[in-house]
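Just follow the structure's listing: the first ligand is 1, and inside any ligand the first atom is 1. Small disclaimer: the values here were computed from a predicted structure and weren't measured.
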Amino acid sequence: MSVKALGSVSEGQPDRYRLVLSDVQNFVQCMLATQANHVVHDGKLVKGCFIRLKQYQANSVKGKRILIILDLEVIENLGTMEKIGDPVAVKVVEEEDVKPNNTTIAGNGFYGNKPQPQQPAAHDRALPSRTGPSSSLSSHGNIYPIEALSPYQHKWTIKARVTSKSDIRTWNKPNSTGKLFSVNLLDETGEIKATGFGEQCDAFYDLFQEGHVYYITSPCRVSMAKKQFSNLPNDYELMFERDTVVEKAEDQDNVPQVRYNFSSIADLQSVEKDSTIDVIAVLKDVGETSQIVSKTTQKPYDKRELTLVDDTGYSVKLTIWGKTATTFDANPESVVAFKGAKVSDFGGRSLSLLSSGTMSLDPDIPEAHKLKGWYDSQGRTESFNSHSNMAGTGTAGGRQETLKNIAQIRDENLGMSDEVDYFSTRATIVYIKQDSFCYPACLSEGCSKKVTDMGDGTWRCEKCNIGHPRPEYRYIMSLNVSDHTGQLWLSAFDDVGKLVMGMTADQLMELKENDPVGLERAFEQANCKMLTFRCRARTDTYQDQSRVRYQVSGANPVNYSVEAAKMVELIKGYGTD
Ligand SMILES: [Zn+2]
């Protein structure tokens, strides 16, 4: 294929590129999906260059056939050429109901999204006539792909499947009250979130059903997505207006069902915390509904904990929330598929269904039949491993050990109730108390009790009732740490002390006794280290004085590339571009 011409940027849409592709015999109008814009920005996609199409979607926009190019590769070593041959516009072959070409959801950021097999060359097949004006959708000739929606187009209809529908949420503030609900909509080209407020909430809430296909016709506002409230990759979102038309489609086919990229339960160990995954499993156990009050918002939440198993021999807890929890009505041993579950490292690995996530009971997909067969033949009597590395009580989904900044730790009064609170914090060490950083400990296997210098060359352990010729020094440190919101004193034991100081407490004591300059240098080098600390907060009472102590149970160096990627997502959430 050769690129015949790179069209100019269309007006008012800095991020949309049109291009014309030619394969010598024919040419076709194309639109570059925004996710592929980098080939233009890199200066690689230029007039006359050669490209390999990797993912595309055939579409009809305003009755014209165009390809939406989701992924392509510029073959730079072929250079550029003038137009080859005398290509003519591609002739549309009206085939009846050609299935839409397989394509991944644009910009899908889900974990485990496997690279799609390369598409066969485009000339091997005719363009599908899925949404052509001459098809059965005559009253909806102007079907737009979700990918093509933007604030600059005012007359459009999309045909999309509802992949998830939220509960109605209400708010009551001094200057406003109201309600809203939202749906996630899916077609071949992508997903978009749509929200209805007030009257539109009343008008559309009952009409939309999860899994069904609808036509949605403008007027309907397209605005920048508020990414902090959504896990969809779309830059835009929809807001229903008074005259928005929503109709259930007479044919429910030809729009993809929910797409899954399943991770097995055994694989969760290697999935990074906070990733979003899809999982399919047999329901082993269903907990009772209970209510918790969010420390952050002070609002009560209904929750329910499910135990899931699969044929990898592992089990995992998954928490569902709100109406999904209270109305949950599936029997143990059912197969359930979840799309959009967040991975936490609480209890080793656990899952929490996102509010935008969906649950499908006994879905009619091959993975479900396979699991059912496995469970009936052997799974029912199997015993399962879990990822837990600590007692598995409390909440699945990591509501207890979330990353907090220092101001949040104080504002949320962590550790001030009767219960122990768990949290992580990423902070920089600014000071280490140097007068007492270790204690002499018993050398007996598994003891670590403090030993007493008997003055006769032995160190005595009361518990083991023996004397040792020398103690083993173990860290017990007070660290002053800081982030952009405040400062906090943490106490740390031996494992964390070794990580902070880069040497054992024995080695540091050696310096203290023989090399005061070396000791000074060791403390200086430990300062300004940034670590992620896993902590417990609880109130200690000592001589009638109560105070909160923050005990470090573990620490990790910061993985800067991972954190930078998260920060990029966070910044995107503010929609500043
Ligand atoms: Zn001992």
Side-chain angles (χ1 to χ4, degrees), residues 345 347-348 386-394 400-401 415 418-425 429 431-481 488-516 518-523 525-526 529 531-557:
D345 58 2
S386 72
H387 294 296
S388 39
N389 48 18
M390 54 169 111
T393 55
Q400 291 198 353
E401 203 184 307
D418 291 340
E419 281 176 49
V420 179
D421 286 312
Y422 297 87
F423 63 90
S424 296
T425 190
I429 297 169
Y431 182 71
I432 301 168
K433 265 194 190 158
Q434 295 181 20
D435 49 355
S436 62
F437 57 81
C438 66
Y439 70 96
C442 175
L443 285 163
S444 305
E445 182 87 31
C447 178
S448 311
K449 273 246 173 258
K450 188 172 178 177
V451 291
T452 316
D453 185 356
M454 303 306 285
D456 59 356
T458 63
W459 298 74
R460 181 161 183 81
C461 175
E462 293 301 330
K463 188 184 166 215
C464 305
N465 198 18
I466 47 170
H468 295 288
R470 61 173 184 87
E472 180 196 24
Y473 286 98
R474 295 177 68 85
Y475 285 111
I476 178 158
M477 303 185 102
S478 286
L479 309 172
N480 194 234
V481 301
L488 201 66
W489 282 99
L490 304 176
S491 351
F493 289 136
D494 202 48
D495 286 351
V496 175
K498 283 180 195 160
L499 181 70
V500 167
M501 299 306 301
M503 63 180 81
T504 66
D506 273 339
Q507 291 169 318
L508 196 60
M509 273 305 277
E510 175 87 26
L511 290 179
K512 186 175 180 176
E513 273 151 27
N514 303 317
D515 182 4
L519 181 78
E520 196 62 31
R521 199 183 311 123
F523 278 110
Q525 282 175 351
K529 267 188 191 163
L531 295 167
T532 305
F533 299 95
R534 292 190 301 283
C535 301
R536 283 192 295 263
R538 77 162 146 237
T539 303
D540 272 0
T541 306
Y542 181 67
Q543 292 176 347
D544 292 339
Q545 295 271 0
S546 290
R547 64 175 207 150
V548 182
R549 287 172 97 58
Y550 305 99
Q551 178 70 52
V552 182
S553 53
N556 293 103

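Each protein N/O/S atom under 2.8 Å from the Zn ion (ligand 1) was counted, for a total of 4.
A distance of 3.5 Å separates CD1 of Ile466 from OG of Ser444, quoted to the nearest 0.5 Å.
For Arg460, there are no salt bridge (Lys or Arg N to Asp or Glu O under 4.0 Å) partners, not counting sequence neighbours.
For the residue pair Thr504 / Asp506, no side-chain donor-acceptor distance below 3.5 Å is found, with atom types taken as modelled.
Residues Thr425 and Tyr550 are not in side-chain contact: their nearest non-hydrogen atoms beyond the backbone lie 4.5 Å or more apart.
Relative orientation of the Phe437 and Tyr475 rings is tilted, given thresholds of 30° and 60° on the angle between their planes.
No more than 12 heavy atoms of other residues, nucleotides or ligands sit less than 6.0 Å from atom CD of Glu445.
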